Amino acid sequence: MGAIQSLFPTLIYQAPLQSKAVATRELNRQLLREAMQFAEDDEAGQRWSDRNYPGGYTSYGSLCRLQTVSPTFARLGQLLGRHIKRYARELALDLRARELVMTDCWVNIMPAGVGHSLHLHPLSTVSGIYYVRTPPSSAALKFEDPRLDRFMAAPPRRADAAPALQPWRTVRPRAGECILFESWLRHEVPVNQSRADRVSISFNFNWF
Ligand SMILES: [Fe+2]
């Protein structure tokens, strides 16, 4: 039998932001307080969310560089730095000439019944999400095989196919964890089936 190589992988990174649970709780408490405050005060964001994020609040269209506005979000950006480095190393990105820098950082508050349909993050290299509050049955993140539009007449995959061979995968993060992916990878957030708000912070790192 001949050899089979697995080429062109799609890497998804998931890790606790920091090792100390106390520090994570304190950071999340502060991020949550600020996120709720933005949702209350940010009228431009509320209008943008009404049109583009029905039922929820996101600061993507109004306050999308929170790392420059709030020391708490700036701190989050610093803490993410080491994860970005590790992920970039795994991807073998040659970053000797320029490094990846946080360019965008915004808040998402998703009440019961709200989801976020398939999208990717343009003008970015590495994107990700940090989870502030993840009520039970609310926290999934679904990734789609980036080659799906080329499959044409291909048969479906068996339900018991290995994770790497499935056409989409759902990742279930916990509060205090970050997930990183390459910005071209399409993803969506299934509807929040919990009664409590799901609160996350999305971000982009870029190298130009
Ligand atoms: Fe996203």
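This one's a predicted model, so the numbers in the text were calculated from it and none came from an experiment. Along the sequence shown, residues are numbered consecutively beginning with 1. Atoms within each ligand, like the ligands themselves, are counted from 1 in listed order.
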Smallest separation among heavy atoms of F203 and I179, with atom names: CZ-O, 4.2 Å
Interatomic spacing from OH in Y87 to SG in C178 - rounded to 0.5 Å: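 If we round to the nearest 0.5 Å, Y87:OH and C178:SG are 11.5 Å apart.
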Tally, protein N/O/S atoms nearer to the Fe ion (ligand 1) than 2.8 Å: 3
Check: H83 side chain, L17 main-chain N or O, donor-acceptor pair, under 3.5 Å: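 Yes, H83 side chain to L17 backbone: donor-acceptor pair under 3.5 Å.
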Donor-acceptor side-chain pairing of H121 and H187 below 3.5 angstrom: yes
Donor on one side chain, acceptor on other, E34 and Q30, under 3.5 Å: yes
Residues which pass side-chain hydrogen bond (donor to acceptor under 3.5 Å, both in side chains) with S49, listed by chain and number, not counting sequence neighbours: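 For S49 there are no side-chain hydrogen bond (donor to acceptor under 3.5 Å, both in side chains) partners, ignoring immediate neighbours.
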